[in-house]
Number of protein chains: 2
Amino acid sequence: MHDDNRGPVTTSIKDLFINLDRAGPIPLYYQIAQRLQDAIESGQLPAGSRIENEVELADQLNISRPTVRRAIRELADKGMLVRRRGVGTQVVPGRLKRGVEFTSLYDALSLSGRSPTTRVLTREAVVPPAEVLEALALPPGTEVLHTVRLRYSEDVPFALLENYMPPAFLDLAVADLEKYGLYQLLRGRGVAMRVARQTIGARVATKQEADLFEQDPGSPVLTMTRTFFDQSGQAFEYGLNSYRPDMYAFEMTVVEK
Amino acid sequence: MHDDNRGPVTTSIKDLFINLDRAGPIPLYYQIAQRLQDAIESGQLPAGSRIENEVELADQLNISRPTVRRAIRELADKGMLVRRRGVGTQVVPGRLKRGVEFTSLYDALSLSGRSPTTRVLTREAVVPPAEVLEALALPPGTEVLHTVRLRYSEDVPFALLENYMPPAFLDLAVADLEKYGLYQLLRGRGVAMRVARQTIGARVATKQEADLFEQDPGSPVLTMTRTFFDQSGQAFEYGLNSYRPDMYAFEMTVVEK
DNA sequence: TATGATAGATTGTTTTTACAATCAGGTCGC
DNA sequence: GCGACCTGATTGTAAAAACAATCTATCATA
C-alpha cells in the first residue's frame, strides 16, 4: 500500500472542531456533523481518507463518545462515511460529486448555478377531480387552490408544474408564486414538511406540453406526481409535474441500510 | 387516576413485544423496530394512532430508554412514525400504501406479487467505452463483464437492463443470471452494497428498445443509470436501464431531515 | 372575554460505563 | 511454508441518569 494510514491520520482533524458552541441552541452532534460534511465537501478530508476512531476523537474534543457517534452516524446515513467494525471509519472513496443533494427532495437545478424563473399560467379555486381530493384527504366538494406554473432555465421552458393545495392556501398570490417558489412560501407559513410519496415515470407529451416545451407532438416527457405531508400527517400538496427530458433528470444517492 | 384517556393509546401495545430474544445475535432495538413496523404495515397500529411514550414503553418492556428510542428512530427515519417533542409519537396518518419499499433500491415490481422472469441477451467480456471505465474507476483497457438482459412481467417485456461489472465477476454464468437476479448473485459473492448514485430520466426509444418492447418507433422510454458502490467504496456495477413507461415507474418515499 | 403565566407531559441532548462482535495482523506449532 | 490461534484495535449494543426544550392544557389575571 502506498497509502500510509497508520501515521498522521490527517493530523489536524481536531482543528476542524475548534469553537464548538456548547451553550447555543444547536446540538453538539449536529455542529460536529456539519463541520465534517463541510470538510469532506471542500476536499479537506479527501475521498478514501480515514478519520480518527471514535474514542480518540471524543477524547480530543472533550465530548462523550455517544455524541461523536451520533455525528458520524448522520454522515454515514447520508452515504458520506463508511464504517467497519474492527477497522475504522473512512470517507467514501470514489467520486460522488459533491454539492449534490442526497434526497432528491428539491429540484436539482436550483442548486447548480442557474436560477430558474417561473411564470404562473393558472391560479384558481376549483373543486378538483376526485382522485386529487382523495390524495389530499379532503371531503368531496371541497374547493382547493389549483395552480399551473411553467418554469424556465435561461428563458427556455423545461418544467410544467401543476399543483393542488388545501383551502388554507387559497390566498396565495400570483406575484409571490412567481417570486419565491412554492416550498419557500409554504415554509414561510409554518408548514413543517416531513414525508413525501412520489412516483417518477414517463409518457408521451400532451399537446399543451409539446407546445409549451417547443417540442414535436409525440415526444416524450418525464413525469413526477407527488403528495407531500406535513409533520402532523396532513397532506398539503398534490403535484403533477412534467419535464422536458433533454433538460431535466432526477439525480439521487441511495444508501443501503 | 392512573389511566388518563386522551387518545387511543392502543392499550395492548406491549403484547407486540413478547418473546424478545435478548441473547441472540439480533439487536434488541432492531427486533423492536421490526415488530413495530410489522404492526403498522398489518394495520394493527392504524394510521394516526399514538404509541406510548418512550419512558412508559421502556418501563413496560424492561428495556432502557435509549434502546427504545433507537428503535423508534429507525421507523421515524423511514417516515413511518412522526415524533413531536412535548406531544408524543404517532403512526404517520394518511394512506402511505403499505408493502411498498421506501428506498427505491430494488425494483418495485418484484415485491408486488408478480415474479418477473429474465432472459440474457448478451454476456461477454469486453473493453467498454471510456465513460464506463471511469464510472467503475478502472484503468483504461480493462476487460469487464458486459451483460444485457430483458425482463418480463407475465411474458411481456418491460425492462432492458445493460450492466458492466469489474473483472472479478467475469465468470458469472448465464444460467445463474437468468435464475437469481444480479443483486442476489453479487450478494452471494460477498459484495456488501452500500451507496448508489442514480439518475432517472426519459428519452425516445432506440430501435432495439422499440422492437423488444413491441412499441412504435419514437415512443418514450423511462431510463435509469446507476453506479453502485460497495462498503469499501469500490464501484461494482454500472447499469444503463430502460423501461416501458406504461408498465413501470419509480415509487419512493422521501423523508425531510 | 381575552391574554398571559404556569404546570405537566413528552421527546431531545449529553454524559458515563460496560461489555460484545468483528477485523487485521502477528505468533506459534506443525 | 501454512494454517490455527491469539491479541489489539475499533465499532456496535445496552443501560442508567440527568437536564433541556417544546408542546398542550389549564388556571389566573387584567
Side-chain angles (χ1 to χ4, degrees), chain A residues 1 3-7 9 17 20-34 50-77 81-91 190 192 194 230-232 257, chain B residues 1-7 9 13 17 20-34 50-77 81-91 190 192 194 230-232 257:
Chain A
M1 307 230 174
D3 204 66
D4 185 4
N5 280 334
R6 320 180 56 203
V9 189
F17 302 108
L20 290 177
D21 179 10
R22 296 183 99 93
I26 302 164
L28 272 177
Y29 77 86
Y30 189 82
Q31 295 181 49
I32 297 173
Q34 205 62 56
R50 281 181 48 187
I51 70 177
E52 281 177 286
N53 71 70
E54 301 173 351
V55 186
E56 185 68 22
L57 206 51
D59 225 40
Q60 288 189 22
L61 306 186
N62 273 314
I63 303 268
S64 74
R65 189 180 157 213
T67 302
V68 172
R69 262 182 84 70
R70 169 116 192 226
I72 293 177
R73 204 184 112 152
E74 297 276 322
L75 298 194
D77 282 350
L81 293 178
V82 180
R83 338 185 60 188
R84 278 191 309 167
R85 192 190 292 203
V87 180
T89 303
Q90 59 175 337
V91 180
R194 270 293 299 175
D230 73 5
Q231 214 168 33
S232 70
K257 287 283 176 71
Chain B
M1 202 167 285
H2 33 63
D3 209 343
D4 88 300
N5 52 355
R6 282 196 278 154
V9 194
I13 189 171
F17 302 108
L20 290 177
D21 179 10
R22 296 184 97 95
I26 303 164
L28 272 177
Y29 76 88
Y30 190 81
Q31 296 180 49
I32 296 173
Q34 205 63 57
R50 281 180 48 190
I51 69 178
E52 280 178 288
N53 71 69
E54 301 172 351
V55 185
E56 186 67 21
L57 205 53
D59 226 39
Q60 287 189 20
L61 307 187
N62 273 312
I63 302 270
S64 75
R65 188 177 159 219
T67 302
V68 171
R69 264 182 82 69
R70 169 118 193 227
I72 293 177
R73 205 184 114 151
E74 298 274 321
L75 297 194
D77 282 349
L81 294 178
V82 181
R83 335 186 62 187
R84 277 191 309 169
R85 191 191 293 204
V87 181
T89 304
Q90 62 177 172
V91 180
R194 271 292 299 176
D230 72 5
Q231 214 168 33
S232 72
K257 286 287 175 70

Using atom names, set out every protein N or O paired with an N or O of nucleotides 16-20 of chain C below 3.5 Å, distance rounded to 0.1 Å.
none

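- Regarding A:Y30, its OH atom lies at a distance of 18 Å from the C1' atom of C:dT14, rounded to whole Å.
- With sequence neighbours left out, the side chain to side chain donor-acceptor pair (under 3.5 Å) criterion links B:T89 to no other residue.
- Between A:G88 and A:A23, it is A:G88 whose nearest contact on DNA chain D lies nearer the 5' terminus.
- Atom P of nucleotide D:dT24 and atom CD of B:Q90 are separated by 11 Å, given to the nearest angstrom.
- Sequence order on DNA chain C of the closest nucleotides to B:G24 and A:R84 puts B:G24 first from the 5' end.
- Look at CD on A:E74: it is 12 Å from P on C:dG12, rounded to the nearest Å.
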Going through the distances and angles, do B:R22 and B:I63 end up as a side chain to side chain contact (heavy atoms under 4.5 Å, CB included)? CA-CA 10 Å; B:R22 296 184 97 95; B:I63 302 270; 3.8 Å; yes
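- If you take CD1 of A:I26 and C1' of C:dT14, they are 16 Å apart, rounded to a whole angstrom.
- Closest to the A:N53 side chain, of the nucleotides D:dT10, C:dT15, C:dT13, is D:dT10.
- Atom-to-atom, CZ of A:R50 to P of D:dT11 comes out at 8 Å; the value is rounded to the nearest Å.
- Under the side chain to side chain donor-acceptor pair (under 3.5 Å) criterion, B:R85 pairs with no residue, sequence neighbours left out.
- Residue contacts shown for B:R69 include a base, since a base heavy atom lies under 4.0 Å away.
- At a threshold of 4.0 angstrom between heavy atoms, the contacts of A:R73 with the nucleic acid are absent.
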